[in-house]
Colleague: 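If you scroll down you'll find the structure; I have some questions about it.
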Amino acid sequence: MSNVHTVGVLTSGGDAPGMNAAIRAVVRTAIAKGLNVKGILRGYAGLLNEEIKDMDSRSVSDIIQRGGTVLYTARCEEFKTLEVQERAAQILRKHGIDSLVVIGGDGSYRGAGALAKLGINTIGLPGTIDLDINCTDYTIGFDTAVNTAMEAIDRVRDTSTSHERCSIIEVMGRSAGYIALWCGLANGAEDVLLPERYDNNEQAIINRIIEHRNKGKAHHIIINAEGIGHSASMAKRIEAATGIETRATILGYMQRGGTPTCKDRVYASIMGAKAVDLLLEGEKNKAVGYLDGKFQAFDIEEVLNSSKDIPEYQYQVFQLLSGYRKEGDV
Ligand code: ADP
Ligand code: F6P
């Protein structure tokens, strides 16, 4: 007999568009399969405060199209200690919650893994705009965020071209360069500065700007990841060194909010349903990923085993298409 009766669901870490679709899928799949569902508000912080409510099908009506998370999210530093994790497991048991779906990034997965060790059947869903989770080519929110950033950059580019300026556009990603790299490719940028690759060689950036200008290029778009940062001071230094008007634009949280794309709604829905199915199959301490064209389950430990790098080939394609690499370089 299955030991899964009541499933808790929470969102943790940075919010991401599509989290609501995942919550809805968890709730409705669980109810359809005869389970109870409880929503835990404000991530692990809310769990410790016992902010727990019963969920039914109606409680997730009208949310699939909304960005953010209806369960709210939070960061909770104290959850990193064993003592606090044990208290959380006790609280879950007190509320009859034997199984938990955690929607969040790799930090949230660490918390999920800890609860699994304490006997809670735990499944993680990759919820982050950063795409920086191992064992998956997709994370909930990345598609929306990168499309939002791409559209914003197109707009900045119009002004940049009209004024023949250089533009540094900062996108999110503290330690992950996926949004920056994809915008570099999608927006036809001249340069991308990625936390995984940037060598702090500002002079090389300046040289490329001058070279492009000498070839007659009207604008110069540099996509800078948040993890590199300092876009405003970089713009000042570039303007001083090149004599070309240079402006910095920081896109910020506009990339994290907003209505999720079709892909984020659909993939998040499938992942939410898959989490419940995995629990019913007796799985625990797993994370759902989309890899090799399939939704699959991986051990949380395997997912957390190493940090994810950006694909070198994608970076090389960017360099080639932006004219960054010359013939014979590759
Ligand atoms: P994300 O889940 O998006 O990577 P964070 O890294 O901020 O975001 O982690 C979210 C939350 O997950 C943290 O506030 C904390 O509650 C929990 N968490 C992070 N790291 C650990 C850890 N090593 N052990 C247990 N819980 C953790
Ligand atoms: O993980 C998503 C993300 O938006 C990162 O790209 C960013 O570095 C981080 O969260 C910022 O989080 P906050 O400002 O909410 O602490």
Side-chain angles (χ1 to χ4, degrees), residues 10-19 22 40-49 51 67-69 71-89 91-92 100-118 120 122-136 139-146 148-149 169-183 193-196 223-231 250-258 264 285 287-288 300-301 303-305 307-308 310:
L10 62 79
T11 49
S12 165
D15 69 319
M19 280 182 163
I40 298 160
L41 304 182
R42 301 181 181 84
Y44 297 123
L47 170 56
L48 295 172
N49 291 330
E51 296 179 66
T69 159
L71 292 177
Y72 306 102
T73 187
R75 294 202 167 87
C76 176
E77 200 50 34
E78 61 172 332
F79 201 74
K80 294 180 182 171
T81 65
L82 181 60
E83 188 198 338
V84 172
Q85 292 159 2
E86 282 172 344
R87 183 149 60 86
I91 291 170
L92 287 168
L100 182 67
V101 179
V102 170
I103 308 167
D106 54 2
S108 304
Y109 276 17
R110 285 182 204 285
L115 288 173
K117 283 201 188 83
L118 295 169
I120 307 295
T122 310
I123 304 288
L125 297 184
T128 170
I129 64 166
D130 289 341
L131 195 60
D132 60 344
I133 299 186
N134 273 323
C135 304
T136 188
T139 60
I140 296 167
F142 174 74
D143 191 59
T144 306
V146 81
T148 303
I169 305 167
E170 189 172 311
V171 297
M172 275 194 146
R174 200 172 286 154
S175 48
Y178 275 94
I179 296 178
L181 177 58
W182 276 52
C183 287
L193 311 183
L194 313 177
E196 297 90 340
I223 313 289
N224 185 26
E226 177 192 357
I228 311 289
H230 305 290
S231 296
I250 298 173
L251 298 183
Y253 293 104
M254 66 170 307
Q255 295 158 91
R256 227 159 77 183
D264 276 328
N285 202 16
V288 177
I300 288 189
E301 275 72 30
V303 174
L304 294 175
N305 214 4
S307 61
K308 187 175 178 182
I310 55 152

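Whatever order the structure lists ligands and atoms in, that order sets their numbers, starting from 1. In what follows, residues are counted from 1 in the order of the sequence shown.
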Colleague: Could you list which atoms of ligand 2 come closer than 4.0 Å to a heavy atom of G173?
Modeller: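 Those atoms are 6 (O).
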
Colleague: Report yes if some N/O of G105 lies less than 3.5 Å from some N/O of ligand 1; otherwise report no.
Modeller: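 Yes, at least one N or O pair falls under 3.5 Å.
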
Colleague: Any atoms of ligand 2 less than 4.0 Å from a non-hydrogen atom of Y253? List them with their elements.
Modeller: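 It comes down to these atoms of ligand 2: 13 (P), 14 (O), 15 (O).
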
Colleague: Should E78 and R87 be marked as a side-chain contact (heavy atoms from CB on, under 4.5 Å) after you check the CA-CA gap, both sets of side-chain angles, and the distance that decides it?
Modeller: CA-CA 11 Å; E78 61 172 332; R87 183 149 60 86; 3.9 Å; yes

Colleague: Contact between ligand 2 and Q255 is defined here as a heavy atom of the residue under 4.0 Å from a ligand atom; is it met?
Modeller: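 In this structure, Q255 fails to qualify as a contact of ligand 2 - no heavy atom is under 4.0 Å.
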
Colleague: Among all the protein's non-hydrogen atoms, which is closest to atom 20 (N) of ligand 1, and how far away is it?
Modeller: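 Answer, as residue, atom name and distance: K80 CE, 3.3 Å.
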
Colleague: Which residue and atom name correspond to the protein heavy atom nearest atom 15 (C) of ligand 1, and how close is it?
Modeller: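 Looking only at protein heavy atoms, the one closest to atom 15 (C) of ligand 1 is C76 O, 3.2 Å.
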
Colleague: Take V303 and D106 through the side-chain contact (heavy atoms from CB on, under 4.5 Å) test and state the conclusion after the steps.
Modeller: CA-CA 8 Å; V303 174; D106 54 2; 6.0 Å; no

Colleague: Measure the distance from atom 8 (O) of ligand 1 to every protein heavy atom, then report the residue, atom name and distance (to 0.1 Å) of the closest one.
Modeller: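 Protein heavy atom with the smallest distance to atom 8 (O) of ligand 1: G13 CA, 3.6 Å.
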
Colleague: Rounded at 0.5 Å granularity, tell me how far OG1 in T69 sits from CG in L10.
Modeller: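 Output value for this atom pair is 9.0 Å.
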
Colleague: Quick one: nearest non-hydrogen protein atom to atom 19 (C) of ligand 1, plus distance?
Modeller: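 Going by distance alone, atom 19 (C) of ligand 1 is nearest to G107 O, 3.2 Å.
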
Colleague: Which heavy atom of the protein is the closest neighbour of atom 2 (O) of ligand 1, given with residue, atom name and distance?
Modeller: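 So the nearest neighbour among protein heavy atoms is S108 OG, 2.5 Å.
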
Colleague: Which heavy atom of the protein is the closest neighbour of atom 11 (C) of ligand 2, given with residue, atom name and distance?
Modeller: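 Of the protein heavy atoms, R174 NH2, 3.1 Å lies nearest.
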
Colleague: What is the minimum heavy-atom distance between A225 and P195, and which atoms define it?
Modeller: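 Between these two residues, the closest heavy atoms are CB-CD, 3.4 Å.
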
Colleague: For atom 11 (C) of ligand 1, grab the closest protein heavy atom and report residue, atom and distance to one decimal in Å.
Modeller: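 That would be S12 OG, 3.5 Å.
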
Colleague: To check you understand the geometry: which heavy-atom pair defines the closest contact between A88 and L48, and what is its length?
Modeller: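 Minimum heavy-atom separation between A88 and L48: CB-CD2, 3.9 Å.
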
Colleague: Going by distance only, is there an N or O of G14 that falls short of 3.5 Å from an N or O of ligand 2?
Modeller: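 No.
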
Colleague: CG/L304 to CG/N134 distance, rounded to the nearest 0.5 angstrom?
Modeller: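 Reported to 0.5 Å precision, the distance equals 8.0 Å.
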
Colleague: Check each atom of ligand 2 against the heavy atoms of I129 and keep those under 4.0 Å away; list them by number with element.
Modeller: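 The atoms of ligand 2 under 4.0 Å from a heavy atom of I129 are 2 (C), 4 (O).
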
Colleague: Does G105 come within less than 4.0 angstrom of ligand 2, counting non-hydrogen atoms of the residue?
Modeller: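 G105: no contact with ligand 2 (<4.0 Å).
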
Colleague: Using a strict cut-off of 4.0 Å, indicate which atoms of ligand 2 neighbour a heavy atom of T128.
Modeller: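 By the 4.0 Å cutoff, the relevant atoms are 1 (O).
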
Colleague: Which of the numbered atoms in ligand 2 are under 4.0 angstrom from any heavy atom belonging to M172?
Modeller: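 Here the atoms of ligand 2 in question are 4 (O), 6 (O).
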
Colleague: Closest non-hydrogen protein atom to atom 7 (O) of ligand 1, residue and atom name please, with distance?
Modeller: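 Scanning the protein heavy atoms, the shortest distance from atom 7 (O) of ligand 1 goes to R75 NE, 2.7 Å.
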
Colleague: How far is atom 12 (O) of ligand 2 from its nearest protein heavy atom, and which residue and atom is that?
Modeller: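 Here the nearest protein heavy atom works out to R256 NH1, 3.1 Å.
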
Colleague: Could you report the tightest heavy-atom contact between Q85 and L115, atom names first, then the distance?
Modeller: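 Heavy-atom minimum between the residues: O-CD2, 3.8 Å.
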
Colleague: Where the closest heavy atom to atom 6 (O) of ligand 2 is concerned, which of T73, D130, I179 has it?
Modeller: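 Checking each option, the heavy atom nearest atom 6 (O) of ligand 2 is found in D130.
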
Colleague: Under 4.0 Å from any heavy atom of G14, which atoms of ligand 1 are there?
Modeller: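 So the atoms of ligand 1 that pass are 3 (O).
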
Colleague: Does only the side chain of D106 get under 4.0 Å from ligand 1, or the backbone, or both, or neither? Count heavy atoms.
Modeller: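 Within the 4.0 Å criterion, D106 contacts ligand 1 through backbone and side-chain atoms alike.
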
Colleague: What protein heavy atom sits nearest atom 7 (C) of ligand 2, and how far off is it?
Modeller: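 The protein heavy atom lying closest is E226 OE1, 3.2 Å.
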
Colleague: Looking at atom 23 (N) of ligand 1, what's its closest protein heavy atom, distance included?
Modeller: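 For atom 23 (N) of ligand 1, the nearest protein heavy atom is R110 CD, 3.4 Å.
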
Colleague: Passes side-chain contact (heavy atoms from CB on, under 4.5 Å), D130 versus Y178? Steps please.
Modeller: CA-CA 6 Å; D130 289 341; Y178 275 94; over 6 Å; no

Colleague: Would you mind listing which atoms of ligand 2 come within a distance below 4.0 Å of any non-hydrogen atom of R75?
Modeller: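 Going through ligand 2 atom by atom, the ones under 4.0 Å from R75 are 10 (O), 12 (O), 13 (P), 15 (O), 16 (O).
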
Colleague: Look only at interatomic distance and state if Y44 has a nitrogen or oxygen under 3.5 Å from any nitrogen or oxygen of ligand 1.
Modeller: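 Between Y44 and ligand 1 (N or O atoms, distance only) the closest approach is not under 3.5 Å.
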
Colleague: Locate the shortest heavy-atom distance separating A45 from C76; write the atom from each residue and the value.
Modeller: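 Heavy atoms only, the tightest pair is N-CB, 3.7 Å.
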
